[in-house]
Number of protein chains: 2
Amino acid sequence: MTSMKAIRRFKVQQPKSLVTIVEERLRKAIIDAEMRFGEALSEDALSSALGVSRTPVREALARLQLQGLVTIVPKKGTFVFAPTAEDVAELCTFRFMLETNALRECLATAREATLDGMASAIAAMDAAQASGTRHDYARADTGFHEVFFLHCGNRYLGNAYRSVSGRVAALRTHLSVPLEGEQARSMSEHRLMVEAFASGRLADLDGLLRQHILRARDAYGDVLRRASAG
Amino acid sequence: MTSMKAIRRFKVQQPKSLVTIVEERLRKAIIDAEMRFGEALSEDALSSALGVSRTPVREALARLQLQGLVTIVPKKGTFVFAPTAEDVAELCTFRFMLETNALRECLATAREATLDGMASAIAAMDAAQASGTRHDYARADTGFHEVFFLHCGNRYLGNAYRSVSGRVAALRTHLSVPLEGEQARSMSEHRLMVEAFASGRLADLDGLLRQHILRARDAYGDVLRRASAG
DNA sequence: GTTCTGTATCTTGCATACAAGACGGAGATT
DNA sequence: AATCTCCGTCTTGTATGCAAGATACAGAAC
């Protein structure tokens, strides 16, 4: 083994567990609207569809429940989450709180890195708007907001965001996609936020973020109310 | 079944699943310092000690990992979490953010209920200080802070707190217990916070909370550094 | 004495079998 | 016709068995 001392970094990524694979697959399916709100998910059906046993499926579903993406009813079944208008309102309020705090930290301790991240995210959004699908745009939008938590320097803040980001992303693809004018307005709002951040105008940034998220909240609420009514 | 129509609310709580029981038992064991930071937890040993099979134990451990109370290392084992000084710092910063936001909501929308809850919590702390163990006091302290999230009207905020409250509580019992003067200072700080809340002085409240939590952060950090050094 | 190597024994990961609650529909009963 | 009852079939909950990676230690080779 003496010759090994010369080798510094040679790690292999160990294979993901089946649980993780199933979790990510289902997460994607829910977020990308391959399944509808409230749809039933049978452990048995999923396990045979995915070619694994029920054990990892079950564990993955348990994790997804912790992320609020599915609801497990004892002895009855597992269902894709079905948000109510109040849910969405609380979710967006919470999201605003997290993001505004993360941005404050970013501005104080990682200004340049955050600006870079925002720039690439904006570029991705541009590309998606020009030639991608609506889901591509939604994904890029999600990426923009993740930048804050990547650079905020507080893992707990990031974890908290991750625990709701699935729902937020799902709402985006499930509900926002139909609204036509949304994309353009969203783009301009994001650009304004970058400008405010770049020039360090924290109060303006806060206002923009509040407006951005709360408007989304109202839009989602409307769609949901309309859906549950008709 | 016609006579049943007269009966409105008659639900029974269905028995907790083994997973839940095991989870709560282990959570208590970790929080109450029955186990040390970093201690190894074997699924096999736990299952035979608790008289259940490995399946519910395994699922409970997965949940506890999501709460940050244990760390699961693939193919190696599960261990009680072992916080570093930086961990604690980030945790406390995050906690301050959550609590200050929750308190703002409480003051705006549920002033009376929150005051009542704080009063009972203070009473419990008094009782514990007079004639209880240190763990009793730590539990009452935990209860005081939970009041905010009970009345803040945002489930996501509450969930986020719950996802770190286990660690906070564990730190309290593991680290704060040795410090003698702590309890008295803690009591007076809590009382001041209630006063500020009652008179609606939000800025003062914020300052008190910040001081309260950040001082705890530094104290925990000191203990941890001392422990890892010696 | 030092270093390598095989192996015994931990650990978790996953599959499968069985138990038991929840639900819905067919048929009996009124 | 309306209602009750039973039972088949869905679901999840739990136990258990086997495979395979990780680790530590004893013993061989130098």
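Each chain gets a letter, A, B and so on, in the order the sequences are listed, and its residues count up from 1. Predicted, not measured: the structure shown is a model, and the values here were computed from it.
To the nearest 0.5 Å, atom SG of residue A:C92 and atom CZ of residue A:R210 are 13.0 Å apart.
Results of the side chain to side chain contact (heavy atoms under 4.5 Å, CB included) test with A:R95 over A:L209, A:I213, A:T100 single out A:I213 as the only residue that passes. For the side-chain hydrogen bond (donor to acceptor under 3.5 Å, both in side chains) criterion with B:D32, the lone passing option out of B:H174, B:H135, B:R139 is B:R139.
Non-hydrogen atoms lying under 4.0 Å from DNA chain C are contributed by nothing in residues 17-27 of chain B. Annotation: proximity of residues 46-60 of chain A to DNA chain C (heavy atom, distance under 4.0 Å) is found for A:V52, A:S53, A:R54, A:T55, A:P56, numbered in ascending order.
Taking a cutoff of 4.0 Å between a charged side-chain nitrogen and a carboxylate oxygen, B:R162 and B:E146 do not qualify as a salt bridge. Between B:E23 and B:R27, none of the side-chain N atoms (NZ, or NE/NH1/NH2) sits under 4.0 Å from a carboxylate O, so this pair counts as no salt bridge. The residues A:R215 and A:D218 are annotated as not salt-bridged, no charged nitrogen and carboxylate oxygen being separated by less than 4.0 angstrom. With respect to B:E34 and B:R25, a salt bridge is recorded, a charged nitrogen being found less than 4.0 Å from a carboxylate O.
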When you compare the protein's N or O atoms with those of nucleotides 7-11 of chain D, which come within less than 3.5 Å of each other, and at what distance?
from   : atom 1 : to    : atom 2 : distance (Å)
D:dT11 : OP1    : A:S42 : OG     : 3.4

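A perpendicular orientation is assigned to the rings of A:F144 and A:H190, their planes being inclined by more than 60° (bins at 30° and 60°).
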Are B:V168 and B:T142 close enough, and set up right, to give a side chain to side chain contact (heavy atoms under 4.5 Å, CB included), and what steps lead you there?
CA-CA 8 Å; B:V168 173; B:T142 299; over 6 Å; no
Do B:E105 and A:T93 pass the side chain to side chain contact (heavy atoms under 4.5 Å, CB included) test, and can you show the C-alpha distance, the side-chain angles, and the key distance before you say yes or no?
CA-CA 11 Å; B:E105 278 306 306; A:T93 305; 5.6 Å; no
